**Student:** 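Sharing a structure here in structure tokens format.
Keep in mind that the numbers below use all heavy atoms, side chains included, and drop hydrogens, waters and symmetry copies. Remember, it's a predicted structure, so these values are computed and weren't measured experimentally. In listed order, ligands and their atoms are each counted from 1.
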Amino acid sequence: MKTSVIGFPRVGKNRELKFATEKYFKGEIGEAELFSQAAQIRKYNLSKEKEAGIDLISSNDFSFYDGVLDTAFLLNIIPARYKELGLSPLDTYFAMARGYQGDKGNVKALAMKKWFNTNYHYLVTEIDDDTDVSIAGNKIFDEYDEALAAGVEAKPVIVGPFTFLKLARYTGEKSAADFEKSFTDAYAALLKKADEKSIKWFQFDEPYLVKDLTDADKKLFVSIYESILSAKGSVKVLAQTYFGDVRDVYSELTALGFDGIGLDFIEGRKTLELVKANGFPEDKILFAGLVNGKNIWRNNYLKTLDVLKEIKAAGVKEVVLSTSCSLLHVPYTLESETKLTHEYTDHFAFAEEKLAELKEIASLAESLDGDAYTAQDSFKKNSGLFTGRVNSFDENVQDRVKNIKESDYTRLPAFDEREKIQKKAFALPIFPTTTIGSFPQTADVKNERKLFRKGEISGEEYKTFIKKKIAGCIALQEEICLDVLVHGEYERNDMVEYFGENLEGYLFTEKAWVQSYGTRCVKPPIIWGDVSRKKPITVEWSVYAKSCTDKPVKGMLTGPVTILNWSFPREDISIKESTLQIALAIRDEVLDLEANGINIIQIDEAALREKLPLRKSDWYSEYLDWAIPAFRLVQSGVKPETQIHTHMCYSEFTDIIPAIDAMDADVITFEASRSDLLILDSLKENDFKTEVGPGVYDIHSPRVPSVDEIYNALELMRNKLDDHKLWVNPDCGLKTRGETETKASLINLVEAARKLRESV
Ligand code: GLN
Ligand code: ZN
């Protein structure tokens, strides 16, 4: 059986791309050096895939920032404001990704959104009525040629036209269907060129097909591919789907002229059922996504081979074994983990180890009939991993979860009454100003943490350092005149990893980085067993911060849904059960903070929307029905005068506003600056009760917003929101920003709020 990989991580085994790109941004290296580092990473990736014996290796899965942006660039979909800067192609590309502020102009970045149900972010292409689609770049073929020179006959991959059109933002009158012709022409031209170059396979990624599709969507999909595929000549085209099943278009998809169809058997709950019920065309190859591209547990060969048997029994003639999605969503390799013992690592497979799994399973699958594979060593070794109890259990934790009562999910008194009590207790000015929590994690902070971890400074020395940073942060916020202060989160590397390290049941890694956006990576911890809190985690820092000022200081926690969503979850119990365990642990922390005088507590649910099922029909039953109560469980025990904040890194919750309100927080801050303010209309329509702080500027970009810009944003918000419910804050934490731009931005923010107060 042949093997295929949808895509490989691209930041480099040691995040080389991140460091090189950041140096390039600072002007420390030039374009040539950056290109050469990137080529090294691609070479490394190809060599690993080649050594592992993968048959169909992707090229063009590399990106300097994001694959959707690459596709927009290739198709010359570059909004005028970026072209007008007159920068080099690479800098124009980065201007779209990060915004630009310099001698050539001042423009914001494109909007950024989460890629389906992952923590990876893509850039939202803007298409206006005059957008003229044409093939403008050659990256896709350059990287093919490069792979060829390295001895790999790769399959170029690109975001497919349907997914691309569906994810774009249309800023004029026209919509996706109006661009059908120009897109089909452009993609057909790509295939034609591929044919001229004798490329064997070409992969179109069409994850949008796993969403709920309307009749118009299906029509658009079919008609796009009818024209494109007529241009394919002798190139074989793979329609690659992932993150779910294609139940709405299975028959259309299999009837089109594709040569291969990639289906996800991991997240696609109905994939096998679809194949069995409808059959699969004899003239096509099924790329069966059976090696999980999102989680890090070893594949269970027995189960996988059973699925392969069922696929065969359904009459599928030719199967290629594939990853379930791009391996972009898992770390590079276990080889980098020097501290975890085999007792643990034997149960994990990162990207490179997954290559070996693909190969092993494919070879076992050669002897599917007659079960001869069960005698093979690789099979026996794998089976051994799944016998007996693997993950660690804690009966106390399990009992606590069992004994949760209905009333534990409800905070009393109800919102309106609490709001009155809190307005009186805090006596904050109208339009209170605050930040989302973290302040710049400057080199000294990272360095000190490193020294502490290496044991080169003592715990006491580290503590003294962090306290000095906290005191400085409080002084800065007082100087800027913010109303509700934060301690700055200097003790945390990452909002989830930090809690993971302080909770029982978690494992953490040294280098298991996964790209989140651009040069930003996260290192998700691994849930290994039942989760509980050993001792207070954040109390000392918050109490110290409060002792430095008379102003209110927010305690800062990460919510259970986010902790779960940004960890690698267990596969032996449900994620609902894991989440409730975490919720109880964080609840203990909330109550400890309150008992220690911290009376504003923010519980970040930055990732709550992320795991919203891709299909609407699953939203409540599969997710919100337990995720929202889990949040309520965390905070329901506090006094009425304690104010609970939450924060979300996005504003696309228009369609789940009632669920967000039902979290029953007192204040919610969220991202709004990169998107239009449509969300505010919906808040109004839904009579949203929670007080809101829609971010007034974009922290993902280094540019400093002017007072007027912020003031105008606030005026727009005031059109939609009751003045007494409006908070003023940036759209996310400031940890990735520099100190100078942070201070300048916050001064402007406070000034804008002051001006506004004066005007009302
Ligand atoms: N409190 C966190 C911070 O400020 C929130 C981060 C986030 O939303 N991603 O860093
Ligand atoms: Zn955020």
**Student:** Answer side chain, backbone, both or neither: which part of S438 comes under 4.0 Å from ligand 1, heavy atoms only.
**Tutor:**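 Both backbone and side chain.
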**Student:** How about NZ on K743, more than 12 heavy atoms from neighbouring residues, nucleotides or ligands closer than 6.0 Å, or not?
**Tutor:**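 No, not enclosed.
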**Student:** Quick one: which ligand 1 atoms are inside 4.0 Å of a heavy atom on G437?
**Tutor:**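 Heavy-atom distances to G437 below 4.0 Å select 4 (O).
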**Student:** Using a plain distance cutoff, I'd like to know if L734 has any nitrogen or oxygen under 3.5 Å from a nitrogen or oxygen of ligand 1.
**Tutor:**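 No, L734 has no N/O under 3.5 Å of an N/O on ligand 1.
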**Student:** Please tell me whether H487 and S542 have a donor and an acceptor in their side chains that are separated by less than 3.5 angstrom.
**Tutor:**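 No pair is found: no donor N or O on one side chain lies under 3.5 Å from an acceptor on the other.
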**Student:** Going by the order shown, which atoms of ligand 1 are within less than 4.0 Å of some heavy atom of G733?
**Tutor:**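 In order of numbering, the contacting atoms are 3 (C), 4 (O), 10 (O).
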**Student:** Counting from 1, what ligand 1 atoms have a heavy atom of A606 closer than 4.0 Å?
**Tutor:**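 In order of numbering, the contacting atoms are 8 (O).
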**Student:** Which residue in the set R632, R411, R418 passes salt bridge (Lys or Arg N to Asp or Glu O under 4.0 Å) when paired with D664?
**Tutor:**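 Exactly one pass, corresponding to R418.
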**Student:** Would you say that F670 contacts P694 through its side chain, given a criterion of any heavy-atom pair below 4.5 Å between the two side chains?
**Tutor:**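 SC-SC contact between F670 and P694 confirmed.
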**Student:** In ligand 1, which numbered atoms sit nearer than 4.0 Å to a non-hydrogen atom of H647?
**Tutor:**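 Answer for ligand 1: 8 (O).
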**Student:** Yes or no on ring pair (Phe, Tyr, Trp, His ring centres under 6.0 Å) for F243 and H329, after CA distance, side-chain angles and deciding distance?
**Tutor:** CA-CA 12 Å; F243 303 145; H329 310 293; 5.8 Å; yes
**Student:** Can you tell me the N, O or S atom of H647 that's nearest the Zn ion (ligand 2)?
**Tutor:**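 Within H647, restricted to N, O or S, the Zn ion (ligand 2) is closest to atom NE2.
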**Student:** Within 45 degrees of the ring normal and closer than 6.0 Å to the centroid, is that where the cationic atom of R98 sits relative to F25?
**Tutor:**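 Yes, R98 sits over the ring of F25.
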**Student:** What protein heavy atom sits nearest atom 5 (C) of ligand 1, and how far off is it?
**Tutor:**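 The closest heavy atom on the protein side is D604 OD2, 3.3 Å.
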**Student:** List every atom of ligand 1 that sits less than 4.0 Å from any heavy atom of C732, numbering the atoms from 1 in the order shown and giving each element.
**Tutor:**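 Counting from 1, the qualifying ligand atoms are 7 (C), 8 (O), 9 (N).
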**Student:** C649 heavy atoms, cut-off 4.0 Å: which ligand 1 atoms fall inside?
**Tutor:**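 In order of number, 7 (C), 8 (O), 9 (N).
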**Student:** Within rounding of 10°, what is the angle whose vertex is the Zn ion (ligand 2) and whose arms end at SG of C732 and SG of C649?
**Tutor:**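 Roughly 120°, rounded to 10°.
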**Student:** Among all protein heavy atoms, pick the one closest to atom 6 (C) of ligand 1 and tell me residue, atom and distance.
**Tutor:**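 I find the closest protein heavy atom is M495 SD, 3.4 Å.
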**Student:** Quick check: do L564 and I527 have side-chain heavy atoms less than 4.5 Å from each other?
**Tutor:**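 Side-chain contact under 4.5 Å: yes.
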**Student:** With a 6.0 Å cut-off (strictly less than), is the heavy-atom count around NZ of K689, excluding the residue itself, greater than 12?
**Tutor:**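 Count over threshold, so yes.
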